[in-house]
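Since the structure comes first, as structure tokens, the remarks are kept for the end.
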Amino acid sequence: DKMHRGKFHIPEPTTPAYTGPIDLIVVPAVAFDKAGFRLGRGGGYYDRFIKKHSEATLIGVGYDFQLVDKVPAQRHDQKVHRVILPSQTIII
């Protein structure tokens, strides 16, 4: 219930961060491909977070126009297990 103004003046909870197991991670992207690769915003935040939680199922969520033939991928890029779009669900 209690929040404080955090980085970028965004309200953040005052309680400690959750540190237990994570079952599901919903991953945004600029684009996805059918191999499960995603194009993010270039900061690598999600790739680092996903690597720490290898037990989690990774779901990419987007619009149909975000599905492209091929996303450029590097060795450190983490693939999602599914991509859910309005017209289809792609299971990798």
Side-chain angles (χ1 to χ4, degrees):
D1 288 339
K2 294 184 180 182
M3 306 285 271
H4 73 279
R5 193 168 298 270
K7 191 172 184 179
F8 305 113
H9 305 286
I10 298 171
E12 297 178 354
T14 57
T15 56
Y18 176 76
T19 58
I22 295 178
D23 299 326
L24 174 70
I25 301 172
V26 178
V27 185
V30 173
F32 296 99
D33 66 20
K34 290 185 177 183
F37 287 109
R38 54 178 285 280
L39 180 63
R41 304 268 322 247
Y45 170 80
Y46 277 92
D47 292 316
R48 290 189 301 275
F49 185 79
I50 289 166
K51 196 167 187 165
K52 292 178 187 175
H53 301 283
S54 60
E55 73 283 358
T57 298
L58 309 175
I59 306 289
V61 178
Y63 294 102
D64 291 322
F65 70 84
Q66 291 175 281
L67 182 63
V68 298
D69 290 333
K70 185 169 178 66
V71 168
Q74 297 179 351
R75 190 168 17 126
H76 68 272
D77 290 332
Q78 303 294 310
K79 293 170 41 169
V80 296
H81 300 117
R82 288 177 176 75
V83 177
I84 299 176
L85 307 169
S87 68
Q88 64 183 309
T89 297
I90 301 163
I91 299 172
I92 314 303

Step by step, work out the side chain to side chain contact (heavy atoms under 4.5 Å, CB included) result for Ile92 and His81. CA-CA 5 Å; Ile92 314 303; His81 300 117; 5.5 Å; no
Taking distance alone, no hydrogens or angles, what donor-acceptor pairs closer than 3.5 Å link side-chain atoms of residues 31-41 to residues at least two apart or in another chain?
from  : atom 1 : to    : atom 2 : distance (Å)
Asp33 : OD1    : Ala35 : N      : 3.0
Asp33 : OD1    : Gly36 : N      : 3.1
Asp33 : OD1    : Phe37 : N      : 3.0
Asp33 : OD2    : Val71 : N      : 3.0
Arg38 : NE     : Pro28 : O      : 3.0
Arg38 : NH2    : Pro28 : O      : 3.0

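Ile84 CD1 to Tyr63 OH: the interatomic distance, rounded to the nearest 0.5 Å, is 14.0 Å. In this structure, CD1 on Ile59 lies 5.5 Å from CG on Leu24, to the nearest 0.5 angstrom. For the atom pair CZ (Phe65) and CG (Leu85), the distance works out to 10.0 Å, reported to the nearest 0.5 Å. Here the CD1-CG distance, from Ile25 to Leu58, works out to 5.5 Å after rounding to the nearest 0.5 Å. The CG atom of Asp77 sits 11.0 Å away from atom CZ of Arg75, with the distance rounded to the nearest 0.5 Å. Atom CD1 of residue Ile10 and atom NE2 of residue His4 lie 11.0 Å apart, to the nearest 0.5 angstrom.
Contact record, His76 with Gln74: CE1-OE1, 2.7 Å, taken as the closest heavy-atom pair. Here the shortest heavy-atom pairing between Pro86 and Gly62 reads CD-O, 3.3 Å. Here the closest heavy-atom approach between residue Arg82 and residue Thr57 is recorded as NH1-CG2, 4.1 Å.
Here the side chains of Gln78 and Val27 are not in contact, with every heavy-atom distance at 4.5 Å or above.
By the side-chain contact (heavy atoms from CB on, under 4.5 Å) test, His9 is found to be paired with Arg5, residues two or more places apart in sequence or in another chain being considered.
Applying the 6.0 Å contact sphere to OH of Tyr45 captures no more than 12 heavy atoms from other residues, nucleotides or ligands. The local environment of CG in Asp64 is crowded, with over 12 non-hydrogen atoms from other residues, nucleotides or ligands closer than 6.0 Å.
No chain of hydrophobic side-chain contacts below 4.5 Å, direct or via other Ile, Leu, Val, Met, Phe, Trp or Tyr residues, connects Ile90 to Val61.
A tilted orientation is assigned to the rings of His53 and Phe49, their planes being inclined by 30° to 60°.
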